[in-house]
Amino acid sequence: MAKRWVEAGHHVTIVASSYSHLRTKNPDMQGKKTMEELYNGVRYLWLEGPSYQGNGLGRIKNMLSFLRGLKKYRAQITAQGKPDAVIASSTYPLDIYPARKIARESGALLIYEVHDLWPLSPIELGGMSPRHPYIVLMQMAENYCYKHSDYVVSLLPCAEGHMKEHGLADGKFVYIPNGIVKEDWEKSPGNPPVYADKLGQYRRDGWFLIGYTGAHGIANGLDSFIEAGKGVTGKKDQTDFGGTGAGTGPLGTESSRSSFGREC
């Protein structure tokens with residue numbers, strides 16, 4: 001979306017922590033507290049953040065570091081001019097507080113983008129108690145998002161009911177489905193895709209292939225692959241799990257026990 005906005009003549013700044021477990025490559029800050037890059041016309045402002053593993057204390061420190069950076073470097077964030085819109089777009093809702101401050105100082109619209117429903121996701125999928133101090137803090141932030149944002153946008157088409165239960169007013173929800181960059185699909189891939197030789201050999205050997213290359217986590221429900229695979233035991237079937245994520249290890253272990261899967 002940022003690329004398209006630039007093509008339409010807008011100035012776009014994306015502010016992010018220098019470290020995220022979701023990236024295959026994080027920027028090298030070279031000892032700097034902030035760093036700017038221009039890519040495809042989009043201005044990226046990286047804020048130094050600590051690395052972490054998993055969803056423990058290290059990730060919380062990374063979150064707090066990013067929130068402090070948003071507050072401290074507000075002038076640098078808006079260096080290209082006062083924004084017309086400020087979009088809070090982290091998985092967790094805590095960035096709504098500095099985002100609203102920037103929006104109010106600039107006279108901009110405040111838009112909250114929902115990726116996952118937090119803190120409902122860690123409650124339902126992670127088994128955390130709604131009374132846990134961390135969850136209570138997140139719930140307060142989520143309620144604040146719905147109350148103070150001018151609009152709330154999300155890839156989740158059926159989330160409006162939950163949002164209204166937590167303070168969202170009528171007319172503020174906008175569902176934006178996932179899209180593709182059509183031009184990317186019209187280009188030749190050039191080099192053969194990863195695993196092309198291996199998958200080609202499987203096919204020549206007569207295997208029926210099932211592949212999954214998305215995220216590996218509790219929310220992705222990949223245990224259904226394991227259960228489905230158990231039903232074809234004894235047939236020439238091969239399921240490959242490619243990628244990384246919190247669920248990769250358990251999935252690989254369980255698929256090996258089931259004697260039909262393989263972890264790439």
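Because the structure is predicted, anything quoted here is derived from the model rather than measured. Along the sequence shown, residues carry numbers from 1.
- No side-chain donor-acceptor contact under 3.5 Å links Arg59 and Asn62.
- With 3.5 Å as the limit, one finds no donor-acceptor pair spanning the side chains of Gln201 and Asp197.
- With sequence neighbours excluded, no residue satisfies ring pair (Phe, Tyr, Trp, His ring centres under 6.0 Å) with His10.
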Donor-acceptor list for residues 117-134 side chains, cut-off 3.5 Å, not counting sequence neighbours:
| from | atom 1 | to | atom 2 | distance (Å) |
| --- | --- | --- | --- | --- |
| Ser121 | OG | Leu117 | O | 3.0 |
| Ser129 | OG | Arg131 | N | 3.1 |
| His132 | ND1 | Tyr134 | N | 3.0 |

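- Looking only at side-chain heavy atoms (C-beta outward), Ile96 and Ser149 come within less than 4.5 Å of each other.
- In this structure, Lys3 does not pair ionically with Glu183, as no charged nitrogen and carboxylate oxygen lie closer than 4.0 Å.
- Every side-chain contact (heavy atoms from CB on, under 4.5 Å) that Arg74 has, sequence neighbours left out, goes to Lys71, Lys101, Ile102, Glu105.
- In this structure, the side-chain contact (heavy atoms from CB on, under 4.5 Å) partners of Gln53, at least two apart in sequence or on a different chain, are Tyr19.
- Criterion: ILVMFWY side-chain heavy atoms under 4.5 Å apart, direct or through other members. Under it, Tyr175 and Tyr146 are part of a common hydrophobic cluster.
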Donor-acceptor pairs under 3.5 Å, side chain of residues 80-91 to any protein atom, not counting sequence neighbours: which ones?
| from | atom 1 | to | atom 2 | distance (Å) |
| --- | --- | --- | --- | --- |
| Ser89 | OG | Glu113 | OE1 | 2.5 |
| Ser89 | OG | His115 | NE2 | 2.9 |
| Ser90 | OG | Asp95 | OD2 | 2.8 |

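- Within the 4.5 Å cutoff, side-chain heavy atoms of Glu142 are placed close to those of Gln139.
- Listed by chain and residue number, Tyr144 satisfy the ring pair (Phe, Tyr, Trp, His ring centres under 6.0 Å) test with Tyr97 (two or more places apart in sequence, or in another chain).
- The salt bridge (charged side-chain N to carboxylate O under 4.0 Å, His left out) check on Glu165 picks up nothing, with sequence neighbours excluded.
- Gln76 and Thr34 form a side-chain donor-acceptor contact under 3.5 Å, judged by distance and modelled atom types alone.
- Think of Ile180 as one node in a network of Ile, Leu, Val, Met, Phe, Trp and Tyr side chains linked at under 4.5 Å; its network also takes in Trp185.
- Arg43 pairs by the salt bridge (charged side-chain N to carboxylate O under 4.0 Å, His left out) definition with Glu36, not counting sequence neighbours.
- Counting heavy atoms from C-beta on, the side chains of Tyr112 and Ser154 never come closer than 4.5 Å.
- Judged by distance alone, with hydrogens and angles left aside, the side-chain atoms of Ser17 form no donor-acceptor pair with the main-chain N or O of Phe66 at under 3.5 Å.
- Legend: residues meeting side-chain contact (heavy atoms from CB on, under 4.5 Å) with Asp184, ordered by chain and number and at least two apart, are Val181, Lys187.
- With sequence neighbours excluded, the residues satisfying ring pair (Phe, Tyr, Trp, His ring centres under 6.0 Å) with His166 are His162.
- Within a 6.0 Å radius of CZ in Arg104, no more than 12 heavy atoms belonging to other residues, nucleotides or ligands are found.
- Following chains of ILVMFWY side-chain contacts shorter than 4.5 Å, one can reach Leu67 starting from Leu45, so the two form part of one hydrophobic cluster.
- Residues passing the salt bridge (charged side-chain N to carboxylate O under 4.0 Å, His left out) test with Lys164, sequence neighbours excluded: Glu160, Asp170.
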